[in-house]
Each structure stands twice: as C-alpha cells, then as structure tokens.
Amino acid sequence: MRLTILGGGGFRVPLVYGALLADRAEGRVTEVVLHDLDTGRLAAGGRGLAEQAAGGPDAPAARATTDLDEALRGADFVFSAIRVGGLEGRAHDERVALAEGVLGQETVGAGGIAYGLRTVPVAVDIARRVARLAPDAWVINFTNPAGLVTEAMSRHLGERVIGICDSPVGLGRRIARVLGVDPGRAWIDYVGLNHLGWVRGLRVDGRDRLPGLLADPDLLNSFEEGRLFGAEWLRSLGAIPNEYLHYYYFNRETVRAYQQAEQTRGAFLRDQQARFYEEAGSPAVSALEVWNRTRAEREATYMAENRESAGAGEREAEDLSGGYEQVALALMRAIARDERTTLILNVRNRGTLSVLDADAVVEVPCLVDASGAHPVAADPLPGHAAGLVCAVKAVEREVLAAAETGSRATAVKAFALHPLVDSVEVARRLMEGYLQVHPGLAYLR
C-alpha cells in the first residue's frame with residue numbers, strides 16, 4: 001500500500017513515518033512517497049527517515065520527488081500537510097493582523113483568513129489532480145485551516161477527503177486522564193468546527209463523567225484547559241472548549257500578550273526550523289537527534305502566550321507527544337483493513353448539526369470503516385455555540401467564494417464578518433496589508 005505525503009519535507013513527517021514503522025500488521029503501508037517543492041527540506045527529511053528505518057525489519061520504502069503528478073499516481077492514500085507561503089508567510093499573517101490590533105493566528109481570525117485565501121486555490125488544484133490521477137485514493141488533510149481546506153477539497157473529491165486534527169484527541173485524552181479513565185473506553189461527545197469545538201460529555205459504560213469534573217474546582221485546575229479557561233467559566237459553559245476557543249473567549253488578553261511577545265509564533269517557528277534544516281542537512285550530525293531536540297522545544301512552547309496571559313503555567317509532559325500521526329494511522333487502518341473504529345474527524349455534515357447544511361465540513365465523532373467516515377448524530381448545540389459556529393462557517397464560505405471567483409471584495413467581506421475583526425475599515429486595511437506581503441494573493445482583483 002502506497003502513502004503519498006504532500007509537504008513531504010515538513011517537520012512533522014518523521015512522526016508519521018515513526019507510526020508506520022510501528023505498524024506490523026498485514027496490509028500496512030509498504031511505500032512512502034514524499035513530495036515537496038523544497039529539495040533541501042526533502043533531503044534533510046530523507047536523512048531523518050533513513051535513520052528511523054535503520055535496523056528495522058520491513059521498513060516502508062521511502063522516496064522523494066518534486067513532481068506532484070508523479071507523487072500522486074498509484075497512491076492509495078494521500079496525506080496533505082502543505083504550507084503555502086511557508087513559515088515566512090505565517091509570520092506575515094501574524095504581523096499584519098497585530099498591527100491592526102486583531103489576532104493573526106494561522107487558523108483563527110484574520111491570520112486564518114489570509115492563510116485560507118492563499119491555500120484554497122492550491123488545495124483545489126491538488127484535489128483535481130487526485131481525482132484525475134488517483135481516483136480511488138483517500139485524501140487525509142492536515143493542511144490548515146483544516147476544516148476550510150477539507151471543505152474546499154470535498155467539492156471535488158466528495159467523501160474521499162477527510163480532515164484530521166490532534167486537538168480534540170489531546171483534549172479528550174487530558175479529560176480522561178484527570179478522571180482516571182482509559183481513553184479507549186470513553187465516548188467523547190465533541191462537536192463543532194475545526195479549532196472551534198466543545199467536549200459536552202465523556203461517557204464510560206453509559207455514564208457521563210463530565211458533570212463530576214465540572215463540579216470539582218481542584219480537578220478542573222489540574223489540566224491545561226481548566227487552567228487556561230478557569231473553573232468558573234467552564235462551569236458556566238457546562239462544557240470543556242477546544243483550546244483554540246481561548247482566542248475567542250479571552251481575545252483582548254490574548255492579542256495583548258501576542259503584541260508584547262518578543263516574536264510571534266510564526267516567526268519563532270520560522271527561525272527554529274531554518275536552524276533545524278541547516279543543521280540536519282549536515283552529514284556530520286544525526287538528523288534524527290536534531291529533530292527530536294527541536295520538536296521538544298516546539299511542543300513545550302505551543303500556545304505559550306495564551307498560557308502566560310491566563311497564568312496557566314507550563315505544558316504537562318504527557319501533552320508533548322503529539323498525536324495527529326496516530327489519528328492518521330488509525331484512519332488509514334480503518335479504511336484499508338475495515339478495522340472499524342470511532343475517531344473525531346472533519347467530514348461533511350450530512351445533517352449532524354442541524355444549524356448547518358449537509359455539505360458544510362464539521363468536526364465530530366465518526367464511525368470509520370472500509371467505506372469511509374460516517375458522522376454520528378449529535379444533540380443540538382446551545383445557542384451561544386450555534387451562533388459562533390454559524391458565524392465562522394459563514395466566513396469560511398466567503399473565503400471559498402473569494403478563492404473561486406478571485407473577488408477582492410468578497411475577501412474583504414470574509415475579514416469583516418469574522419467575530420474577531422471589529423470594523424469594516426480594519427478589514428479593508430487587513431486586505432491591503434496582506435496583498436503587499438503575499439504575492440500569492442495577486443489573483444484577488
């Protein structure tokens with residue numbers, strides 16, 4: 001079975017390859033094709049994968065190419081983890097937004113819109129190529145903004161594109177750990193959009209354990225989301241939000257923290273990864289050792305400004321291990337081997353959330369088997385959550401329309417309608433600012 005990884009020179013590829021090495025079952029991935037436009041990153045990443053595979057029996061063969069069509073032909077699964085504009089683009093997204101006093105995070109607010117506007121056309125091109133060159137392949141999308149990009153690709157691939165994210169997995173795991181529950185035995189009632197969802201229940205043997213957690217301030221303060229949002233606010237919500245909702249519920253404090261930071265997250269990652277690829281490209285060092293050291297620093301500083309503004313402290317050691325590669329592998333196993341499982345995924349709504357239409361991509365628990373991912377019926381969202389979900393989905397639809405038509409006015413509308421952008425004039429200045437730093441947005445006229 002062949003897996004093609006788009007963005008194959010990316011920093012997280014060794015996580016995926018490591019998960020594949022641990023899979024010894026029949027019908028596993030036997031070949032990995034890495035596609036990237038940056039030959040230097042491909043070379044450095046290839047060295048790391050070779051070190052991972054050394055001494056391991058039957059390691060999946062790995063090869064690299066800069067030819068997208070070649071990479072797609074013959075693929076059984078396509079893992080899309082591209083970054084249009086690179087980390088320099090992310091740094092621009094953050095800086096332009098913060099200069100206007102609004103959030104520039106890569107998936108939330110103005111930054112997410114800018115990232116989506118330059119990513120959607122590329123993702124659509126990939127989807128069309130997959131449909132032509134590998135029509136039986138399944139596309140697993142991790143490219144951010146994951147829900148928006150998955151919806152754009154679904155218009156050409158239908159149900160054969162599925163979005164994944166490690167945030168709901170990590171949240172469910174932390175709640176289960178605090179409650180002393182085996183995550184494998186728990187049903188997590190999670191619903192929303194990508195980076196905009198809530199855990200509304202955690203059931204074990206038919207009993208919902210979440211009310212007990214919400215009633216215990218000490219337990220709430222013992223894990224990251226409890227410290228990030230505060231016990232009082234979580235009790236008011238009656239749910240545990242995805243960590244990205246901190247950008248909404250505490251927006252003013254977060255923007256101030258990002259403005260006061262020495263450098264933005266994108267700039268930090270840009271500089272860190274530049275050092276990594278330079279060092280990992282040298283035959284005198286172990287690329288894998290350099291990668292492990294760099295990843296530990298990356299994970300420890302994740303959402304540092306949010307935690308600092310909330311006084312949440314450092315991340316727990318158990319939360320530094322990632323997780324999206326395990327979701328991807330479980331998804332591939334379920335489809336390729338009909339190993340039926342339940343995963344929280346980004347899929348077409350199909351009536352799961354009554355406030356959205358059938359084609360809207362949502363993030364919900366899904367039953368997965370050889371025929372794909374099937375969303376599980378969910379109880380209606382409370383009014384405050386439904387309003388936020390509908391508002392953000394409306395913005396995503398404007399981004400898709402702008403990308404399809406090339407309309408700059410529609411792009412400005414997307415900025416202006418976002419809940420975290422407080423003025424049409426700010427939206428217009430954001431658009432002008434992004435046009436100046438992103439050549440890839442020249443299609444907007």
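Side-chain contact check for His246 and Asn251: no donor-acceptor pair (N or O, by modelled atom type) lies under 3.5 Å. No hydrogens or angles considered: nothing links the side chains of Thr254 and Glu305 as a donor-acceptor pair under 3.5 Å. For the residue pair Gln105 and Glu94, no side-chain donor N or O sits within less than 3.5 Å of a side-chain acceptor on the partner.
Minimum heavy-atom separation, Ala385 to Trp198: CB-CH2, 3.6 Å. Nearest heavy atom pair, residue Asp93 against residue Ala114, reads OD1-CB, 3.5 Å. The shortest non-hydrogen separation linking Asn346 to Gly147 is OD1-CA, 4.0 Å. Of all the heavy atoms in Val102 and Ala110, the pair that sits closest is CG2-CB, 4.2 Å. Among all heavy-atom pairs drawn from Leu171 and Pro241, the shortest one is CD2-O, 3.8 Å.
A distance of 4.5 Å separates CG of Leu343 from OG1 of Thr341, quoted to the nearest 0.5 Å. Between Thr301 atom OG1 and Gln272 atom CD the span is 6.5 Å, to the nearest 0.5 Å. Atom OH of Tyr248 is separated from atom CG of Asn242 by 10.5 Å, given to the nearest 0.5 angstrom. In this structure, OG1 in Thr410 is found 11.5 Å from CG in Leu400, a value given to the nearest 0.5 Å. The CG atom of Leu331 sits 8.5 Å away from atom CH2 of Trp138, with the distance rounded to the nearest 0.5 Å. If you take CE on Met1 and CG on Leu20, they are separated by 8.5 Å, rounding to the nearest 0.5 Å.
Electrostatic pairing of Asp357 and Arg348 does not count as a salt bridge here, judged by no charged N lying under 4.0 Å from a carboxylate O. Taking a cutoff of 4.0 Å between a charged side-chain nitrogen and a carboxylate oxygen, Arg155 and Asp359 do not qualify as a salt bridge. Salt-bridge annotation for Glu225 and Arg174: present, with a side-chain N of the basic residue lying under 4.0 Å from a carboxylate O of the acidic one. Between Arg95 and Glu100 no salt bridge is recorded (no basic side-chain N to carboxylate O distance below 4.0 Å). Taking a cutoff of 4.0 Å between a charged side-chain nitrogen and a carboxylate oxygen, Arg200 and Asp189 qualify as a salt bridge. Between Asp166 and Arg12, at least one side-chain nitrogen of the basic residue sits less than 4.0 Å from a carboxylate oxygen of the acidic one, meeting the salt-bridge criterion. Using a 4.0 Å cut-off between charged nitrogen and carboxylate oxygen, Arg350 and Glu159 count as a salt-bridge pair.
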**Request:** Report the C-alpha separation of Ile344 and Val364 in whole Å, then their side-chain angles, then the decisive distance to 0.1 Å, and conclude whether the side chain to side chain contact (heavy atoms under 4.5 Å, CB included) test is met.
**Result:** CA-CA 5 Å; Ile344 298 171; Val364 293; over 6 Å; no

**Worked check of salt bridge (Lys or Arg N to Asp or Glu O under 4.0 Å) between Arg429 and Glu432** = CA-CA 5 Å; Arg429 291 197 297 270; Glu432 292 304 315; over 6 Å; no

**Request:** Walk me through it: do Glu363 and Leu345 pass the test side chain to side chain contact (heavy atoms under 4.5 Å, CB included)?
**Result:** CA-CA 5 Å; Glu363 191 169 74; Leu345 301 168; over 6 Å; no

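Ring geometry, Tyr434 versus Phe415: the interplanar angle falls under 30°, so the pair is classed parallel (tilted spans 30 to 60°). Ring geometry, Phe79 versus Tyr324: the interplanar angle falls from 30° to 60°, so the pair is classed tilted.
Remark: aromatic rings of Tyr249 and Trp233 are close, center separation under 6.0 Å.
Judged as a side-chain contact (heavy atoms from CB on, under 4.5 Å), and not counting sequence neighbours, the contacts of Thr39 are Thr66. Every residue two or more places apart in sequence or in another chain that forms a side-chain contact (heavy atoms from CB on, under 4.5 Å) with Ala146 is listed here: Asn141, Asn144, Asn194. Considering only residues two or more places apart in sequence or on other chains, His195 meets the ring pair (Phe, Tyr, Trp, His ring centres under 6.0 Å) condition with Tyr244. Applying the ring pair (Phe, Tyr, Trp, His ring centres under 6.0 Å) rule to Tyr277 yields no partners; only residues at least two apart in sequence or on another chain are considered.
Applying the salt bridge (charged side-chain N to carboxylate O under 4.0 Å, His left out) test to every pair with at least one member in residues 253-275, sequence neighbours left out, gives these pairs: Glu88-Arg270. Applying the salt bridge (charged side-chain N to carboxylate O under 4.0 Å, His left out) test to residues at least two apart or on different chains, none of the pairs has a partner in residues 436-445.
By the neighbour-count criterion of 12 heavy atoms within 6.0 Å, atom CD of Glu289 is sparsely surrounded, having that number or fewer from other residues, nucleotides or ligands. For CD of Glu297, the number of neighbouring non-hydrogen atoms (other residues, nucleotides, ligands) closer than 6.0 Å is greater than 12.
Distance alone, capped at 3.5 Å, is enough to place a donor-acceptor pair between the Gln52 side chain and the Pro14 backbone.
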